[in-house]
A.B. asks: 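Below is a structure I'd like to ask you about.
Note that the structure is a prediction, hence the values are computed from the model and not measured.
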Amino acid sequence: MLMKSSTTSEKIGFFGPRVSEHFGMPGRSIIEFQLDGELGLAATHLSCERRFRDRTGPAPCENAFSILHQLDELECRSCWVGGHRHSSGRVEAKEVDVLDLRDTPQWQFRGRFEALQFYIPFRALSAFADQYGGRPISTLHWEAGVPDRILGGLSDALIQAAAVVGSNQLLIDQLAISLLTHFAGAYGGLDTAAGQPGRLAAWQERRAKEIMTMRLASALTITQVASECRLTPSHFARAFRRSMGVAPHRYLTQLRIGEAKKHLAAQHSSLSDIALICGFGDQSHFTRVFRQFTGVSPGAWRRQVGNNP
């Protein structure tokens, strides 16, 4: 029995609810990153406890790549390309399956399944390569059976960041850019060391700081800040790090922690109110991040300040 794919796929792409329906398993879209106003990268977290599943129908023919990154070992993954068996066998954690959706692949999985599926349109790869002054990327490839440890680290960070209510959107954007850089370089052969930008111009650095300071409580994106500086998101992220010594998302978090300390020292606002004022999703998120940066909880820090006027 073959599973039929969704008829709405051409409109939304092979990710999120669509890839979940196609594979016949629960899935959650955790990122849809825009590059130059169009979808640049999407990631779907797929998880299923069933051991046996039917072979899927052919995936829709799209000008895009599907990359399956196995988070846990899988008893067996079989794949067909153009109706012919392409591969079959056990899959270890951190292994990767890269397929061109123009080849309308099919899959069959056996065993407990947990993976991230990345969807990358061809146009996004072309735009990304152009930003580096490189040649267009015609294909992506990763050696079968070889774990991708770098992708493993990025995937874990992405899952954790996306799970936090009101998480730092700049962090998620930065992870999306890092993923695209990794795929373009390690899988597509792009020389990502070429065309590296220098530091931000003085006016760009000033504007970036201004917009971050003014919008502490909002879900600020790298695209928004980069646009203010007249740079692409990837070039802005690298130039900002060179200028400031830290990534944009970390700089914004430092600003939020600094603002939170002012409110804590004033002794007037509750921890939950301070969390919202300073751009944290909720009090638990605020407490966790504050402890990471200072070594103590917000409540303990407030008591210390109160005892040392």
A.B. asks: Side chain of R85, backbone of S78: donor and acceptor closer than 3.5 Å?
C.D. replies: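 No: the side chain of R85 does not pair with the backbone of S78.
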A.B. asks: Counting C-beta onward and ignoring hydrogens, is there a side-chain heavy-atom pair between P248 and V225 closer than 4.5 Å?
C.D. replies: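 No - every pair of side-chain heavy atoms lies 4.5 Å or more apart.
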A.B. asks: Which atom names give the shortest non-hydrogen contact between T287 and S297, and what distance separates them?
C.D. replies: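 The pair with the smallest heavy-atom distance is CG2-CB, 4.3 Å.
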A.B. asks: Using distance alone, with no hydrogens and no angle criterion, decide if D103 and H86 have a side-chain donor and acceptor under 3.5 Å apart.
C.D. replies: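 No, because no side-chain N or O of D103 sits under 3.5 Å from a partner of the opposite role on H86.
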A.B. asks: Can you find a heavy atom in the side chain of Q34 that is under 4.5 Å from one in the side chain of T221?
C.D. replies: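 Not touching, per the 4.5 Å side-chain cut-off.
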A.B. asks: Side chains of Q117 and L68: does their closest heavy-atom pair fall under 4.5 Å?
C.D. replies: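 A side-chain contact under 4.5 Å exists here.
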A.B. asks: Should Q70 and F113 count as side-chain neighbours, where that means a heavy-atom distance under 4.5 Å?
C.D. replies: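 With C-beta onward as the side chain, the pair touches.
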A.B. asks: Could you list the donor-acceptor pairs under 3.5 angstrom formed between side-chain atoms of residues 134-142 and any protein atom two or more places apart in sequence or on another chain?
C.D. replies:
{"unit_1": "W142", "atom_1": "NE1", "unit_2": "V146", "atom_2": "O", "d": "2.7"}

A.B. asks: Show your reasoning for whether side-chain contact (heavy atoms from CB on, under 4.5 Å) applies to V81 and C79.
C.D. replies: CA-CA 7 Å; V81 174; C79 180; 4.3 Å; yes
A.B. asks: Who are the side chain to side chain donor-acceptor pair (under 3.5 Å) partners of D273, not counting sequence neighbours?
C.D. replies: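 So D273 forms a side chain to side chain donor-acceptor pair (under 3.5 Å) with S270.
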A.B. asks: Can you tell me how far the OG atom of S155 sits from the CG atom of L151, to the nearest 0.5 Å?
C.D. replies: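 Here the interatomic distance stands at 4.0 Å.
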A.B. asks: Treat each ILVMFWY residue as a node, draw an edge where side-chain heavy atoms are under 4.5 Å apart, and state whether F14 and W80 are in one component.
C.D. replies: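 In one cluster with F14: W80, no.
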A.B. asks: Could you list the residues that satisfy side chain to side chain donor-acceptor pair (under 3.5 Å) with R110, not counting sequence neighbours?
C.D. replies: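 Scan of R110 (side chain to side chain donor-acceptor pair (under 3.5 Å), adjacent residues dropped) gives E75.
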A.B. asks: Take Y187 and D148, measure what side-chain contact (heavy atoms from CB on, under 4.5 Å) needs, and give me the verdict at the end.
C.D. replies: CA-CA 11 Å; Y187 291 47; D148 186 345; 2.6 Å; yes
A.B. asks: Would you name the heavy atoms of G83 and Q106 that are closest together and state the gap between them?
C.D. replies: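 Nearest pair, atom of G83 first, then Q106: CA-OE1, 4.4 Å.
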A.B. asks: Any sub-3.5 Å donor-acceptor pair from S29's side-chain atoms to G16's backbone N or O?
C.D. replies: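 No, the answer is negative, given that no donor and acceptor are paired below the 3.5 Å cut-off.
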A.B. asks: Rounded to the nearest 0.5 Å, what's the gap from CD1 on I222 to CD1 on I177? Could you check?
C.D. replies: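 Rounded to the nearest 0.5 Å, the CD1-CD1 separation comes to 4.0 Å.
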A.B. asks: Mind checking the CD-NE2 spacing from E114 to H69? Nearest 0.5 Å is all I need.
C.D. replies: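 That separation rounds to 10.5 Å.
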A.B. asks: Search all heavy atoms of A217 against all heavy atoms of I277 and return the closest pair with its distance.
C.D. replies: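 Looking at all heavy atoms of both residues, the shortest contact is CB-O, 3.5 Å.
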A.B. asks: Is the closest side-chain heavy-atom distance between L175 and L154 below 4.5 Å?
C.D. replies: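 Side chain of L175 against side chain of L154, heavy atoms only: contact under 4.5 Å found.
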A.B. asks: Hey, does the side chain of Q108 reach the backbone of R53 with a donor-acceptor pair shorter than 3.5 angstrom?
C.D. replies: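 Yes: the side chain of Q108 pairs with the backbone of R53.
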A.B. asks: Cluster question for you: counting only ILVMFWY and a side-chain heavy-atom cut-off of under 4.5 Å, with indirect links fine, are F293 and L271 together?
C.D. replies: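 As far as the 4.5 Å side-chain criterion goes, L271 and F293 are connected within one cluster.
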A.B. asks: Could you state whether L170 and I159 fall into the same hydrophobic cluster, counting links through intermediate Ile, Leu, Val, Met, Phe, Trp or Tyr residues with side-chain heavy atoms under 4.5 angstrom apart?
C.D. replies: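 L170 clusters together with I159.
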A.B. asks: Would you give the length of the straight line joining atom CG of L216 to atom CD1 of I257, rounded to the nearest 0.5 angstrom?
C.D. replies: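 These two atoms lie 11.0 Å from each other.
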A.B. asks: Any salt bridge between E259 and R256, counting N to O under 4.0 Å?
C.D. replies: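 A salt bridge is absent here (no side-chain N lies under 4.0 Å from a carboxylate O).
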A.B. asks: Quick check on the hydrophobic clustering: are I30 and L41 connected, directly or via other members, by side-chain heavy-atom contacts under 4.5 Å?
C.D. replies: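 Linked, I30 and L41 end up in one cluster.
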A.B. asks: Which atoms form the tightest heavy-atom contact between L99 and P105, and what is the distance?
C.D. replies: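 Here L99 and P105 meet closest at CD1-CB, 3.7 Å.
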A.B. asks: Step by step, would you call T181 with F128 a side-chain contact (heavy atoms from CB on, under 4.5 Å)?
C.D. replies: CA-CA 8 Å; T181 302; F128 202 73; 3.2 Å; yes
A.B. asks: Are the side chain of R199 and the backbone of R242 linked by a donor-acceptor contact shorter than 3.5 Å?
C.D. replies: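 Looks like yes, one N/O pair under 3.5 Å.
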A.B. asks: How many angstroms lie between atom OG1 of T44 and atom CE of M25, to the nearest 0.5 angstrom?
C.D. replies: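 If we round to the nearest 0.5 Å, T44:OG1 and M25:CE are 12.0 Å apart.
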A.B. asks: Got a sec, which residues hit salt bridge (Lys or Arg N to Asp or Glu O under 4.0 Å) with D100, two or more places apart in sequence or on another chain?
C.D. replies: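 Checked D100 against salt bridge (Lys or Arg N to Asp or Glu O under 4.0 Å); matches are R102.
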A.B. asks: Within the supplied structure, the quantity of interest is the number of heavy atoms (other residues, nucleotides, ligands) at a distance under 6.0 Å from E143 CD; does it exceed 12?
C.D. replies: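 Incorrect, the count does not exceed 12.
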A.B. asks: Checking R230 against W203: charged group under 6.0 Å from the ring centre and within 45 degrees of the axis?
C.D. replies: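 Because its charged atom sits under 6.0 Å from the ring centre and within 45° of the axis, R230 does stack over W203.
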A.B. asks: May I ask you to check whether F15 and F118 place their ring centers less than 6.0 Å from one another?
C.D. replies: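 No, they do not, as the ring centres are separated by 6.0 Å or more.
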A.B. asks: Would you call Q174 and R250 a side-chain contact if the rule is heavy atoms closer than 4.5 Å?
C.D. replies: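 Sidechains of R250 and Q174: no contact.
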A.B. asks: Nearest 0.5 Å, what's the OG-CD1 distance between S178 and I150?
C.D. replies: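 Nearest 0.5 Å value for the OG-CD1 distance: 10.5 Å.
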A.B. asks: Could you pull out the closest heavy-atom pair between L101 and S66, with the gap in Å?
C.D. replies: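 The pair with the smallest heavy-atom distance is CD2-CB, 3.9 Å.
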A.B. asks: Cluster question for you: counting only ILVMFWY and a side-chain heavy-atom cut-off of under 4.5 Å, with indirect links fine, are L252 and L171 together?
C.D. replies: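 Cluster IDs for L252 and L171 match.
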A.B. asks: Of all the heavy-atom pairs spanning L116 and H45, show the shortest one and how long it is.
C.D. replies: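 In terms of heavy atoms, the two residues are closest at CD2-CA, 3.6 Å.
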A.B. asks: A side-chain contact here means heavy atoms from C-beta on lying under 4.5 Å apart; do F286 and P298 qualify?
C.D. replies: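 F286 vs P298: side chains touch.
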A.B. asks: Is the number of heavy atoms from other residues, nucleotides or ligands within 6.0 Å of CZ (R241) greater than 12?
C.D. replies: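 No - once you tally the heavy atoms of other residues, nucleotides and ligands closer than 6.0 Å, there are 12 at most.
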A.B. asks: Which residue pairs pass the salt bridge (Lys or Arg N to Asp or Glu O under 4.0 Å) test when at least one of the two sits in residues 117-133, sequence neighbours left out?
C.D. replies: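 For residues 117-133, and leaving out neighbouring residues, the salt bridge (Lys or Arg N to Asp or Glu O under 4.0 Å) pairs sorted by first residue read E38-R123.
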A.B. asks: Quick check: do I274 and R302 have side-chain heavy atoms less than 4.5 Å from each other?
C.D. replies: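 Yes. Closest side-chain heavy atoms under 4.5 Å.
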A.B. asks: Give me each pair satisfying ring-ring contact (aromatic ring centres under 6.0 Å, His included) with a member in residues 249-275, each pair once, sequence neighbours excluded.
C.D. replies: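 For residues 249-275, and leaving out neighbouring residues, the ring-ring contact (aromatic ring centres under 6.0 Å, His included) pairs sorted by first residue read F240-Y251.
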A.B. asks: Run the side-chain contact (heavy atoms from CB on, under 4.5 Å) check on R206 and K209 step by step: do they pass?
C.D. replies: CA-CA 5 Å; R206 183 171 59 253; K209 290 179 178 179; 6.0 Å; no
A.B. asks: Is the shortest distance from a Lys or Arg side-chain nitrogen in K94 or E92 to a carboxylate oxygen in the other one below 4.0 Å?
C.D. replies: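 Not counted as a salt bridge, because no side-chain N and carboxylate O are separated by less than 4.0 Å.
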